[in-house]
Structures are given as structure tokens and as C-alpha cells.
Amino acid sequence: MNTALSKNFEHQSAEQKWYAHWLEKKYFHSTPDNRTPYTIVMPPPNVTGVLHMGHCLNNTIQDILIRRARSKGFNACWVPGTDHASIATEAKVVAMLREQGIAKSSLSREDFLSHAWDWKEKYGGIILQQLKKLGCSLDWDRTTFTMDPDYYESVIKVFVDLHKKGVIYRGKRMINWDVKALTALSDEEVIRKETRQKLYHIRYAIEGSDEGIVIATVRPETIMGDTAICVNPNDDRYKHLHGKFAFVPLINRRIPIIADEYVTMDFGTGALKVTPAHDTNDYQLGIKHQLEIVDVLNDDGTMSEAAQIYVGLDRFETRKKIAAELEEKGYLQKTEEYTSEVGFSERTDVVVEPRLSLQWWLNMKDIATPALKAVMEEEIQFFPPKFRNVYRHWMENIKDWCVSRQLWWGHRIPAWYDEQGNVTVAENEEKAIEKYLAEYGKKPERFKQDEDCLDTWFSSWLWPFEVFKGYSKPGNKEIQYYYPTNTLVTAPEIIFFWVARMIMAGEEYMKAIPFKEVYFTGIVRDKLGRKMSKSLGNSPDLLGLIDQYGADASRFGIMISSPAGNDILFDEAALEQGRNFNNKMWNALKLIHMWKERSTDLLVEPPFAVLWFEERLKQVSEEVEMMMTQFRLSEALKTIYSLIWDDFCSWYLEWVKPGYEQPLADNVYDFTVDYFTELMQLLHPFMPFITEEIYQQLENNREIDLCARQSKTATTSANQNILEQGQILKDIITGIRDVRNKQQIKPKETIQLFIQTETPELFNGLYDVIGKQVNASSIQLTENTVPGSFTTVIGKNTFYVVSEKPIDSSHQKAELEKELEYLKGFLNSVDKKLSNERFVQNAKAEIIELEKKKKNDAENKIRIIEESLGRM
RNA sequence: GGGAGCAUAGCUCAGUUGGUUCAGAGCAUCUGCCUUACAAGCAGAGGGUCCGCGGUUCGAGCCCGUGUGCUCCCA
């Protein structure tokens with residue numbers, strides 16, 4: 001044993017030492033055996049990612065669950081991995097190439113991908129290394145990447161299969177277009193933000209009339225794409241214009257004025273410009289009224305030839321210019337400030353452009369049905385349960401999923417086109433040709449594969465089973481053992497992106513749910529409640545914090561401020577609290593080491609403290625178990641924290657502490673080490689490093705490391721009598737210390753204590769403890785009042801404190817009177833209740849019993865206080 | 001516009017099928033202590049119209065209605 005312990009816990013060396021040791025012992029590696037599995041698949045972070053607060057929270061929670069499962073004898077398996085993140089990664093690679101003076105457009109697909117793979121090998125997956133610093137007990141041998149060869153193949157197979165089933169189709173539809181990344185986005189990849197804009201009122205001339213019609217729009221740059229003006233048929237202002245024509249300003253195109261109830265009469269002017277190419281609702285309106293579609297934008301957001309004017313100019317530049325020109329030429333009636341939601345690309349943060357485009361789609365209707373059922377019937381449980389509603393709402397109104405992306409980095413769509421554009425879907429070119437041959441009776445000419453990739457989520461929805469090769473090697477031993485996984489821990493933001501789709505894929509391909517429980521974490525905010533963001537600069541440097549406070553303190557800090565089902569307000573002060581906690585435990589260890597050195601062969605009857613703490617440990621273990629099953633991790637940690645700091649350090653250790661330089665009885669020492677060990681085990685999932693270190697320091701030559709130790713399960717429940725007695729003891733000590741404080745008796749000054757009680761047996765074996773804790777030179781039972789003393793009533797007992805100092809009884813009297821008043825009021829309310837016939841009739845028997853007991857207790861106490869007051 | 005949720009101490013939150021020994025915890029605050037494990041600490045204390053109003057009930061922080069304020073999701 002290391003006899004010279006450092007002043008404080010040295011987290012850096014301990015973290016390194018133990019993580020390396022655990023890896024060496026392969027504690028995190030799991031293989032199927034005859035134990036029950038407990039499996040978590042980590043939500044794969046982007047391969048481009050670096051550790052931020054969200055990951056930290058998320059992975060700490062998973063590690064807590066996994067370590068706890070491991071200690072309870074489950075075969076715990078936590079699978080790491082990364083997501084290829086097509087848009088994010090491609091953007092990074094493009095940026096890197098640009099810095100080197102290489103344009104993506106100058107590269108072939110193959111060359112670009114080779115650069116991308118180089119980038120991935122070099123910079124990808126840093127985040128996994130960072131998770132080691134946090135102490136995550138992941139099975140690294142199972143690390144998976146969504147573009148690993150087997151995984152890639154499975155994604156392609158799934159596409160082909162769904163196409164064969166008729167669920168995947170190709171179609172021209174309105175999509176969200178990212179003008180920077182030059183790709184389609186799914187609805188879920190569009191972030192809506194409140195944006196201040198200008199609402200332009202523009203006058204359109206009417207054919208054969210001097211009259212005009214004024215429309216209101218936030219997008220004047222799209223007027224060249226207008227193919228109608230629409231009014232509400234019930235709008236009296238415009239009834240005479242139905243069927244007439246108007247002219248688009250500046251380009252003078254003739255467009256019809258149509259009527260449709262879709263238009264809101266009291267918004268703007270009640271007249272709507274219809275631009276089917278650039279607005280989803282207008283597009284629907286266009287189909288309904290068979291309007292022409294004029295696309296005035298290029299894919300990069302500049303004006304197209306069809307716009308006729310400002311061709312090649314950026315859409316926002318055009319907006320400014322065209323507004324100016326409209327004003328100059330008298331078309332602009334007025335502009336007003338207007339705030340509405342505008343869609344931004346999740347990845348590039350540019351304003352998303354609704355656009356008509358030929359894409360691949362996945363019809364979600366049928367595939368969603370079993371996935372909805374699984375959650376509604378609680379085959380899969382959501383925590384907090386409020387997310388079931390959100391989920392249901394989305395699933396019941398589900399729309400087709402646009403699965404193609406105009407990117408190179410990702411799973412290339414397995415579709416081939418012949419010269420005429422006929423499409424053939426197959427796993428690879430060979431099979432496609434075969435299929436083509438069978439269908440058309442000839443070999444295809446100029447057969448070309450689709451240039452596009454699949455949406456990233458089209459690969460990650462296979463994650464829970466494909467990490468075990470459940471689709472590429474169906475029915476293998478691992479998938480049978482580990483699937484369905486137990487718990488998914490993830491952010492609520494991706495409930496649709498990912499959670500819902502994993503359930504669909506699981507049901508479709510494994511015929512079983514992918515996980516039994518989903519725990520949604522909160523969003524990490526700063527202490528002012530703002531989201532963490534680069535622009536605000538309020539994201540802390542996580543690795544710096546881990547260096548400074550240690551991984552355990554960081555984990556503590558983030559968990560303690562993370563109430564179940566709520567956002568977490570991150571404050572560095574919480575890490576400080578964690579570090580202080582480390583320090584506290586470390587000092588307890590030092591104290592116990594000192595006792596070890598003074599060891600004799602002394603054995604004693606176990607003192608009350610020992611009996612009490614045993615029960616307390618049982619009690620808290622039960623509480624923690626309950627909280628953990630309900631995912632109340634923050635509360636569980638608080639409970640353990642308080643058990644260690646308050647009950648163990650502040651009470652237990654003080655109660656068993658021997659006098660100055662006195663030895664501690666050997667058996668009491670052993671109990672103490674056992675308790676400390678159990679406490680470390682209980683805390684280990686939350687703070688793995690310090691607990692392992694203390695555990696190893698407590699005793700030489702441990703047979704097994706804490707990381708792999710099985711926790712004891714209590715065979716009996718906690719003894720309530722002993723717990724109650726412990727509580728009374730605490731109350732007495734606190735009460736007398738309060739007297740000392742209020743009387744300004746110096747800590748070093750001793751007192752004499754007299755106890756007046758009807759239950760002297762209550763104090764058996766407690767005199768030493770009480771004397772030590774309140775610094776009393778003597779304690780005696782008394783049947784009479786003690787003159788010149790300060791009186792206090794605690795529970796059913798009266799205590800008389802005698803000190804050198806003159807007693808200030810005015811304060812004391814006031815306090816007793818105050819308490820008497822409260823008690824009388826309380827008694828009154830109980831009496832009233834008990835004399836209320838309807839209460840006695842309606843209330844349950846045990847409630848009435850309780851009330852009677854309250855009455856009795858209150859009366860007793862009142863009597864004692866009145867006696868005390870009478871003698872003063 | 002549709003849906004979901006929240007409102008309890010200065011801050012962040014607990015509060016189980018309604019039962020005043022039930023209004024709680026942590027942090028923060030205040031007072032006294034460098035007491036031989038720990039000042040990153042010890043001991044003690046103060047602090048709340050449970051958002052407003054109305055209802056159900058013998059009894060409401062908890063149930064119902066309504067108002068106000070905030071958050072999130074979807075269109």
C-alpha cells in the first residue's frame with residue numbers, strides 16, 4: 001500500500017493509469033456468453049466531430065448505465081463508431097482542397113473520394129479518442145464506421161430491396177435545396193428561425209384597365225417566376241377581377257388572376273403572387289390550377305436565364321436591386337417590417353430554397369405503421385414519456401423521405417441509366433446489366449450510374465443491427481445475442497431523423513424493435529440558459545476542463561446539473577463541486593490510512609455507528625436502484641453524494657473516530673473499509689477513476705478491480721428502527737450544537753449536559769458519541785430541572801446545557817414560546833380535523849390513526865415545553 | 001394556425017394513488033470556527049402568497065376550469 005498519499009487526488013495520473021489498465025484487462029470487451037446481455041449502441045458522432053458538451057452529457061449517461069449493468073452481472077456491451085456525415089464531411093474536404101487551390105469541379109469523382117478518405121484517415125474519429133479521456137468504457141474492438149465495406153454493402157442492399165418492394169421511387173417534387181452545398185435536404189435538415197424581413201407591396205397592372213392589383217411579398221426577386229395572382233373567391237375587393245390578366249412588373253409577362261380559398265384575406269393585401277417554382281404552397285396551387293412553372297433561379301442561388309433580368313446575380317443581391325428598381329419605376333407601394341420563419345440549412349446555415357427537383361423518395365406510410373405501434377404499445381419505452389406524443393404526431397403525419405443527396409461522399413445510389421434515361425436498380429453494375437438484359441432483351445448502351453449519394457440517415461438507420469452485422473450476415477451469433485439492444489441514449493432533436501427511422505428499419509429487417517428504452521437527454525445550455533453556439537462563444541473548452549478538474553469532476557458536474565427530462569444549464573461551478581467532492585473522499589481515505597497505521601488487535605462490540613451505517617447503506621442502495629430504473633440519474637448521483645459526504649464523512653467517520661492519537665478497534669476499522677468500498681462501488685459508474693483509485697488504496701492486493709467487481713445485493717431490507725434512532729441522534733446533536741452557537745459558546749469550551757427522558761434506553765451506547773459531538777465534559781440523566789442551564793426540547797426529550805458562560809434566557813424563552821405557539825396551532829388543526837364528522841367518516845383508517853398519533857405527540861411536546869417555561 | 005410542455009426559496013430543481021411532524025434538496029447567502037482527514041473545509045442559521053382567479057373535496061403544491069407568462073415541436 002502506498003503509505004504516503006498525496007495531499008489531493010491527482011486526477012491526471014490516475015485517469016491515465018486506470019484507463020490503460022482497464023483496457024489491458026479487456027473489461028470493456030464483450031463476447032456472447034451465458035450471461036444476460038446489456039447492450040447500448042452509441043449514437044455515432046460525425047466522423048468530423050470534436051467533443052462538445054452534448055457528447056459529454058450523452059456519453060457520460062451511457063457510460064453510467066453500462067458500468068452499472070456490468071457491476072450487476074450483465075454482459076455489458078457498448079459499441080462505438082462514427083457516421084460518415086456526408087454533407088458535413090464533404091464540406092470539410094472541399095474546404096481543405098480549396099485551401100490547397102484545388103476546386104472540387106476540377107476533380108474526378110474517384111480523385112475526390114481518394115482525398116476524402118485521406119482526410120478521414122487523418123482527421124476522422126478524433127472524437128473517439130476524446131471519449132477515452134472521459135472514461136467511457138466502450139468496446140473498442142467493435143468500432144464501426146457507416147462506410148465500412150460490409151456496412152456499405154448493407155446500405156446498398158436495403159436500397160435495392162426497398163426499391164424492389166416499390167417503396168423507393170424516383171420523382172420530381174418540391175424539395176429543400178441547399179444553394180451552398182448544392183444538394184437536396186430533407187425537411188428535418190431544415191432549421192426554421194424567426195427572421196426579420198421586409199414585406200414589399202408591389203402593384204401589378206391589369207390588362208385593359210387603369211386599375212392595379214397590389215400583392216405583398218418578402219421575395220420580390222421571384223416575381224419573374226410569377227405565373228398567376230391568386231385571391232380569395234369570397235373577397236369582395238377582387239371579385240370583379242376573376243379571370244382577368246395582370247402584367248408582371250419589369251418583364252411585363254401576362255399572367256391570369258385566379259381565385260382560391262387557400263388565400264388568407266386579411267394577410268397583406270389579400271392578393272397573392274403565385275410562383276410555383278419557388279414556394280411549396282404555390283407549387284400545390286400551381287398543380288391545382290395548371291399553371292406554368294418558371295424557374296428563375298440556378299442551383300447556386302443566382303438568377304437564371306428564365307428570369308430575363310439580373311441573370312447570374314445572387315438572389316439576395318437581386319432582391320435589393322429589384323426593390324430599388326421597382327420603387328424607381330413606381331411599382332413599389334410601400335414596404336413594412338415583417339418577422340416570419342425562414343428555413344436555413346442545418347449544415348451550411350444558408351437560406352434554403354424550395355425547388356422542384358428529380359430525386360429519390362422513400363414512401364414512409366407502410367414502414368411507419370409497426371414503428372408507431374411499437375412505441376404506442378410501449379414495447380419501446382420513451383423517457384421522458386412526453387416524447388411519445390411528439391413521436392406519434394410525426395408518425396401519423398409522415399411524409400415521403402427524400403433520400404438522395406447531390407454529393408459524392410457517401411453511399412452511391414445503386415441506379416443505372418441507359419442512353420434513354422431508363423433506370424435500373426441493382427446492387428452493382430454487373431447485376432444491373434443482367435437485370436437490364438432480362439427486361440429489355442439487349443445490353444444497355446452508355447450505362448451510367450446515378451451520380452448522387454444517399455442521405456446520411458439512410459445508413460445510420462441500420463446502426464443498431466448492422467454494428468453486429470445483422471443484415472450483412474443474417475442470423476449470426478452476435479446479432480442473436482445482442483439484439484434488440486437495451487437502451488438508446490440520444491438527443492430529442494433527432495427523434496425523427498434517427499430514432500423513428502431506426503425503429504422502422506429494425507421492424508422491417510430484423511422483425512424486431514432495435515432497443516427497449518430510449519432516454520432523451522436535455523439540451524446543454526450555458527448558465528444563462530442560452531444554447532451553446534460557436535457564434536456566442538459560450539461553449540467551454542471541454543478537454544481543457546477535463547485537464548483542469550479531472551474527468552470524474554467533469555462527469556459529476558454535468559450529471560449533477562442535469563435533471564431528468566430537462567435541459568441542463570451548464571456552469572463551471574458544478575465542476576468545482578465535483579472536484580471538491582473528489583477532495584473530500586480523498587481526505588476520508590487519508591483518515592482511514594492513519595487509522596490503519598495505528599492498528600492494534602483490539603476488538604469491540606460494534607458501536608451504534610456501525611450498525612446504523614449498514615442500514616443506511618442498504619436504504620440508499622434501494623433508493624438509487626429505483627431512481628436508476630427511472631433514469632433519474634441526477635437524483636441518484638445527488639443521493640450518493642449526500643450519503644458519502646454527509647452520512648459517511650460528517651456523521652459516521654466522526655462517530656467512530658477514536659480520540660487524539662488513539663487506535664481504532666480492528667473490527668470497526670474493517671467495517672469502515674467495507675463501507676467505503678461499497679460506497680465506491682455505488683459511485684463508480686458516475687466517477688470511475690477516483691473510485692477505482694480509492695478502492696485500490698483502501699486495501700492491498702485486491703482480488704478484482706472495482707471496474708469489474710460485482711455489487712452485493714442486500715438480502716434484507718433496511719431496519720427502520722435503527723435508521724430512526726440514527727435520525728434522532730443526529731437531531732439531538734444538531735439541536736445542542738445550535739444551542740451552543742446561539743449562546744456563543746466557543747467550540748473549545750466544554751459543556752455539561754443533562755438529559756431528561758422517559759426512554760433512557762434510547763441513549764444506551766450513545767453517551768460517548770453525543771459527548772464527542774457536542775463537546776460535553778459530562779452527560780447525566782436527570783429527573784429534575786437543572787438550574788442555571790439552557791433548556792431545549794428535542795423530540796420527546798429535554799436537554800439542559802450548563803456552561804461557564806452566563807445563560808441568556810430571554811432568547812431561549814422567546815424561542816420556546818414561538819415553538820409552543822406553532823404547536824398549539826398545529827394541535828388545533830388536528831383537533832378540528834378529528835372532530836369533523838365528515839373527515840372521520842370519509843378518511844382512510846390509517847390516515848385517522850396518523851392524525852391521532854400527531855395529536856398525541858403534539859400534546860406531549862406542548863406539556864414538556866410548558867413545564868420548561870414554567871420553571872424559567 | 002395546429003400540437004406538447006412548464007410555472008414551488010436568490011438560482012437549478014424534487015415533491016409518488018389529494019391527508020399540515022410536508023412545503024424539501026443542492027448551489028448561493030449569513031454567523032461562528034485555521035477543532036491533528038479535509039478552509040476545495042467544519043458547525044449552525046435565515047429564506048417560499050407553491051404564478052393569478054374560480055371550482056371539486058371533510059381536506060388541494062398535487063385534481064378540474066380559466067387567465068397570464070415562458071419553452072419546444074409541427075405547418
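Everything quoted here is computed from the prediction, not taken from an experiment. First the proteins, then the strands, lettered A, B, ... as listed; each starts at 1.
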What nucleic acid atoms does Gln727(A) come within less than 4.0 Å of, heavy atoms only: base, sugar-phosphate, or nothing? nothing
Please work out if Phe581(A) contacts a base, only the sugar-phosphate, or nothing of the nucleic acid, heavy-atom cut-off 4.0 Å. nothing
Checking all strands, does Asn8(A) fall into the base, sugar-phosphate, or nothing category for heavy-atom contacts under 4.0 angstrom? base
Looking at the side chain of Arg737(A), which of A43(B), G5(B), U12(B) is the nearest nucleotide? A43(B)
Specify the separation, in whole Å, of atom CD1 of Ile732(A) and atom P of G44(B). 14 Å
Check the phosphate of C74(B) against Tyr391(A), side-chain N and O only, distance under 4.0 Å to OP1 or OP2. Yes or no? no
When you check the phosphate oxygens OP1 and OP2 of G2(B), does a side-chain N or O of Trp394(A) lie under 4.0 Å from one of them? no
Classify Lys657(A) by what it touches in the nucleic acid, base, sugar-phosphate, or nothing, heavy-atom distance under 4.0 Å. base
Assign each of Leu589(A) and Ile733(A) the nucleotide of RNA chain B bearing its closest heavy atom; nearer the 5' end lies the nucleotide of Leu589(A)
Picking from U35(B), A37(B), A75(B), the nucleotide nearest the side-chain atoms of Lys748(A) would be U35(B)
Thr734(A) side-chain N/O to G44(B) phosphate OP1/OP2 under 4.0 Å: yes
Length of the line joining Trp651(A):CH2 and C42(B):P, which is rounded to integer Å: 12 Å
Pick base, sugar-phosphate or nothing for Trp645(A), based on heavy-atom distances below 4.0 Å to the nucleic acid. sugar-phosphate
Could you tell me how far apart His393(A) (NE2) and A75(B) (P) are, to the nearest whole angstrom? 9 Å
Rounded to whole Å, CD1 of Ile644(A) lies from P of A25(B) at a distance of 20 Å
Looking only at atom C1', what distance separates G32(B) and U71(B), rounded to whole Å? 44 Å
Donor-acceptor pair, side chain of Asn587(A) and main chain of Asn583(A), under 3.5 angstrom: yes
From CZ of Phe648(A) across to C1' of C38(B) the rounded distance in Å is 14 Å
Hey, does the side chain of Asn580(A) come within less than 4.0 Å of G41(B)'s phosphate (OP1/OP2), counting only N and O? yes
Return no unless some side-chain N or O of Lys746(A) is found under 4.0 Å from OP1 or OP2 of G32(B). no
Tell me which nucleotide among A37(B), G5(B), A14(B) gets nearest to the side chain of Glu635(A). A14(B)
Flag, side chain of Glu15(A) to backbone of Ala551(A), donor-acceptor distance under 3.5 Å: yes
In RNA chain B, consecutive runs of at least three Watson-Crick or G-U pairs below 3.5 Å, as range with range, amount to B:1-7 with B:68-74, B:10-13 with B:24-27, B:29-33 with B:41-45, B:51-55 with B:63-67
Suppose you measure atom C1' in G15(B) against the same atom in C6(B); what distance do you get, rounded to whole Å? 16 Å
Please report the distance separating the C1' of A14(B) from the corresponding atom of C50(B), rounded so that it comes out in whole Å. 13 Å
Of all the nucleotides listed (C73(B), C42(B), G26(B)), which has the minimum atom distance to the side chain of Gln577(A)? G26(B)
Would you say Ser650(A) reaches A43(B)'s phosphate, i.e. side-chain N/O to OP1/OP2 under 4.0 Å? yes
Using the P atoms only, state how far C34(B) lies from A43(B), rounded to an integer number of Å. 15 Å
Identify, with sequence neighbours excluded, every residue that meets side-chain hydrogen bond (donor to acceptor under 3.5 Å, both in side chains) alongside Thr792(A). none
Between U35(B) and U8(B) - C1' atom distance, rounded Å: 39 Å
Rounded to whole angstroms, how far apart are CG on Asp646(A) and P on G26(B)? 7 Å
Which part of the nucleic acid, if any, lies within reach of Lys584(A) when heavy atoms closer than 4.0 Å are counted: base, sugar-phosphate only, or nothing? base
Distance from Trp457(A) atom CH2 to Arg501(A) atom CZ, nearest 0.5 Å? 8.5 Å
Between Lys590(A) (side chain only) and Leu5(A) (backbone N and O only), is there a donor and an acceptor less than 3.5 Å apart? no
Selected nucleotide, minimal atom distance to Lys399(A) side chain, candidates A4(B), A40(B), A75(B): A75(B)
Identify, between Gly735(A) and Ala588(A), the residue whose nearest nucleotide on RNA chain B lies closer to the 5' end. Ala588(A)
Under a 3.5 Å distance rule, please check whether Arg740(A) uses its side chain to pair with a backbone N or O of Val774(A) as donor and acceptor. yes
Quick one: does Val390(A)'s side chain get under 4.5 Å of Phe496(A)'s, heavy atoms only? yes
Kindly indicate whether the side chain of Arg579(A) and the base of A40(B) share any N or O donor-acceptor pair separated by less than 3.5 Å? yes
From NZ of Lys742(A) across to P of A45(B) the rounded distance in Å is 6 Å
Quote, to the nearest angstrom, the P distance that separates C63(B) from G2(B). 25 Å
If a pair satisfies side chain to side chain donor-acceptor pair (under 3.5 Å) and one of its residues is in residues 726-736 of chain A, list it, with sequence neighbours excluded. Asp647(A)-Lys730(A), Gln727(A)-Asp731(A)
Please report the distance, rounded to the nearest Å, between CG in Asp571(A) and C1' in G26(B). 13 Å
Exam field: side chain Asn176(A) to backbone Pro354(A), donor-acceptor pair closer than 3.5 Å: no
P atom, G55(B) versus G46(B): distance in rounded Å? 36 Å
With side-chain contact (heavy atoms from CB on, under 4.5 Å) as the criterion, how do Phe631(A) and Phe520(A) come out once you've worked through the C-alpha distance, each side chain's angles and the decisive distance to 0.1 Å? CA-CA 10 Å; Phe631(A) 290 95; Phe520(A) 292 101; over 6 Å; no
From G44(B), A40(B), A37(B), nucleotide with atom closest to Asp738(A) side chain: G44(B)
In whole angstrom, give me the gap between the P atoms of C11(B) and U49(B). 13 Å
